[in-house]
Amino acid sequence: MAQFWKPGTEKPRLVDDEEGGVLFFSGGFSSSSSSSGYGYASIEKQRQRLPVYKYRTAILYLVETHATTIIVGETGSGKTTQIPQFLKEAGWASGGRLIACTQPRRLAVQAVAARVAEEMGVKLGEEVGYTIRFEDVTKPDVTVLKFLTDGVLLREMMDDPLLTKYSVIMVDEAHERSISTDILLGLLKKVQKRRPELRLIISSATIEAKAMSDFFGKRKKRRELENEENGIQLEPAILSVEGRGFNVQINYVEEPVQDYVQAAVSTVLLIHEREPPGDILVFLTGQDDIDAAVQLIADEVQTSKKHSPGLVVLPLYSGLPRAEQELVFSPTPRGKRKVIISTNIAETSLTLEGIVYVVDSGFSKQKFYNPITDVENLVVAPISKASAKQRAGRAGRVRPGKCYRLYAEEYFLNHMSNEAIPEIQRSNLVSCIIHLKALGIDNILGFDWPASPSPEAMIRALEVLYSLGVLDDDAKLTSPTGFQVAEIPLDPMISKMIIASNQFGCSEEIITVAAVLSIQSIWISGRGIQKESDEAKLRFGDHVTFLNVYKGFLQSGKSSQWCHKNYVNYHAMRKVLEVREQLKRIAQRIGIVLKSCESDMQVVRKAVTAGFFANTCRLEEYSHNGMYKTIRGSQEVYIHPSSVLFRVNPKWIIYNSLVSTDRQYMRNVISIDPSWLLEAAPHFYLLQQSNPLH
DNA sequence: GAGCACTGC
């Protein structure tokens, strides 16, 4: 086996030339694999069989000589588990330095860390560790390979902006272009200017390599020359590593389909009739589509005898109860064919074994943000080519498979975009901008992003932060409010509400409200307990209901039966407890006194107003259908039917968020007294041309 | 009287 030079200890001598693409260094340092004991050889053999293994030397050479290395690797190449080990073996973790590898998702972080610890024959949490929110499985001065979510690494930058303890940072799954990944990439490029010795590895599954390379390659000339003299190339290197998937035959429809749910169902039945055994994975857009398709297949099986036995149809989406989600992993009964009808969750977040056929509707639900109205919408939109490829690849994991695309080849070739629009260009930017401000990046409009958000979105975010008193006239963080808000890992409006609760003496209650609001929903299915709640609870709004649920949950001894009886999601409540603990710690750190207001709900509502004053709505005097108008934009909005204030229709209310379907619905509303608005945000309400508060 | 693509700190 080749021996590797320990970076930073002695200059290497080149033995081979560049022609062959593989270079060896001579030198007396042995590789420092710490694996030992039984089973080591077989694990080592498995490692050597991974496609990425033959690129070991090339990767280490590129990382040594280039500030940034971009690795394009398809699924199954082994890049995520192997490259960090290569780096460690080559000495990048010597001298108290760490190697980091980031992932967009928590589950992936845990899984990869566990796998790497196993391969290295070490206990998880020692040399190999991981950090995700609520869980730090690392040991200072012992852990050298650290896996973490990109969000956690961003948070770490608030304490150590130059990430000084890391020698190499590998950003994995960069093609997904999540908000955190994009911010991280922008910041890492800046860090490189101050720390030329830092190495970056950007790992991506797709074509985007060129755009990424342009991003990291585009620099001011003078710096480039300085560093070229140090022997480090600033122009990124690109290396492709093949995957280990099987061939997937692609089929297209000849004519565009009218109804993709119906078309998907017909295709499933056709596959079942004509194709050899193998499970089917269908990509639709959401719960509605999926439930409809499941029903249609069930109807078909019932009416026509020929399909009868043999089809096991399972829906899959994140809103499904845990137990039902897990059904998709159960082995297919002998003689049966499993059909999984799924959202995008099966495209990225989880891997299903045994899929041979994929049916791709060509659509998914995507978030879009309108900076003019400040509303985020979820809409069904065509997917990208990269997404289509990823979906098709799900058919080739165990043997050659087939993919049926419910769109024409002409459409795929000529009209489908190459990649999805990065999330940062489809989102509200308040959290992201306050984060950059906290890291001392003053010129937000001039920040070098991998993909720049629209100026409108940035200006809107700056306006909101200014109105919250988080930024001052010079767009600098205010002290202490701005710095406090930046410390809290929540939407700035929620953070502001928490900070305001300090002066109202209701921080205990508001922290509970904040924890509940940061969870998707605490209710099981749509039906909440509102029907059983008494008049007193009905009077003020959903936030007060949350406090009652939390109190009831604690009084029941955190019982799952209690949750079940009250239509409350037990897992969600466990999460509320976890978030609440974290918020309590942070609140105390930034000087908030934990205090309960007992049953005085007026101060709770005032604290909510202090954060969410911009979401104030007034009932239209003569509307008989419960129509409200927003104070800021005079938009027509309605109270969501799941709210305790539905049909109660108080004159003045504040909402937490808008969901738009056929109408704009306000979710989680609370009634207020309009006089509180002037107290909470005089600048916001007094400066309006005609004062709407009459 | 409606409904939540997917993540994350």
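Nothing here was measured: the structure is a model prediction, and the numbers come from that model. Below, chains carry the letters A, B, ... as their sequence lines are ordered, and counting in each starts from 1.
- A:Ile488 comes within contact range of no nucleotide atom at all, as no heavy-atom separation falls under 4.0 Å.
- Taking only side-chain atoms of A:Arg647, from C-beta outward, the nucleotide of B:dG1, B:dT7, B:dC9 with the closest atom is B:dG1.
- With B:dG1, B:dT7, B:dC4 as the candidates, the nucleotide lying closest to the side chain of A:Arg667 is B:dC4.
- Note on A:Leu378: a base of the nucleic acid sits closer than 4.0 angstrom, heavy atoms only.
- Other residues, nucleotides and ligands place more than 12 heavy atoms under 6.0 Å from the CD atom of A:Gln262.
- Counting to the nearest Å, the C1' atom of B:dG1 and the CG atom of A:Leu645 are 15 Å from each other.
- Residue-to-nucleotide proximity on DNA chain B shows that, of A:Asn344 and A:Asp491, the 5′-proximal contact is made by A:Asn344.
- Using a 4.0 Å heavy-atom distance criterion, A:Gln366 is classed as making no nucleic acid contact.
- The separation between A:Leu429 atom CG and B:dG8 atom P is 20 Å, rounded to whole Å.
- Around CG of A:Leu162, the count of heavy atoms belonging to other residues, nucleotides or ligands within 6.0 Å exceeds 12.
- No side-chain N or O of A:Asn502 forms a donor-acceptor pair with one of A:Ser507 less than 3.5 Å apart.
- Closest contact between the side chain of A:Pro641 and the listed nucleotides B:dC9, B:dG1, B:dC4 involves B:dG1.
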List, one per line, each side-chain donor-acceptor pair under 3.5 Å for residues 483-494 of chain A, sequence neighbours excluded.
residue	atom	partner	partner atom	Å
A:Gln484	NE2	A:Ile590	O	3.0
A:Glu487	OE1	A:Arg589	NH2	2.6
A:Asp491	OD1	A:Met493	N	2.8

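- Remark: A:Thr343 is in phosphate contact with B:dC6, judged by side-chain N or O atoms under 4.0 Å from OP1 or OP2.
- Within 4.0 Å (heavy atoms only), A:Phe134 reaches no atom of the nucleic acid at all.
- Taking atom OH of residue A:Tyr665 and atom C1' of nucleotide B:dC4, one finds them 15 Å apart after rounding to whole Å.
- In this entry the distance linking CE of A:Met627 with C1' of B:dG1 reads 17 Å, nearest Å.
- Counting any heavy atom pair closer than 4.0 Å across all strands shown, A:Ser349 reaches sugar-phosphate atoms only and no base atom.
- One finds no side-chain N or O of A:Arg155 lying less than 4.0 angstrom from the OP1 or OP2 phosphate oxygen of B:dG8.
- Rounded to whole Å, atom C1' of B:dC4 lies 7 Å from atom CD of A:Gln287.
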Chi angles and distances behind the salt bridge (Lys or Arg N to Asp or Glu O under 4.0 Å) call for A:Lys389, A:Glu347: CA-CA 10 Å; A:Lys389 248 184 97 176; A:Glu347 188 184 308; over 6 Å; no
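- Counting any heavy atom pair closer than 4.0 Å across all strands shown, A:Thr149 reaches sugar-phosphate atoms only and no base atom.
- No contact: A:Arg663 has no heavy atom under 4.0 Å from any strand.
- With B:dT7, B:dC4, B:dG1 as the choices, the nucleotide that has an atom nearest any side-chain atom of A:Gln520 turns out to be B:dT7.
- Residue A:Ser318 is classed as a sugar-phosphate contact, given heavy-atom separations below 4.0 Å to backbone atoms only.
- Rounding to whole angstrom units, CG of residue A:Asn428 and P of B:dC9 are separated by 19 Å.
- B:dA5 atom C1' lies 15 Å from atom CG of A:Asp360, rounded to whole Å.
- Looking at heavy-atom distances under 4.0 Å, A:Arg133 makes contact with a base.
- Using modelled atom types and a 3.5 Å distance limit, the side chains of A:Tyr655 and A:Gln664 yield no donor-acceptor pair.
- A straight line from CD1 of A:Ile639 to C1' of B:dA2 spans 14 Å, rounded to a whole angstrom.
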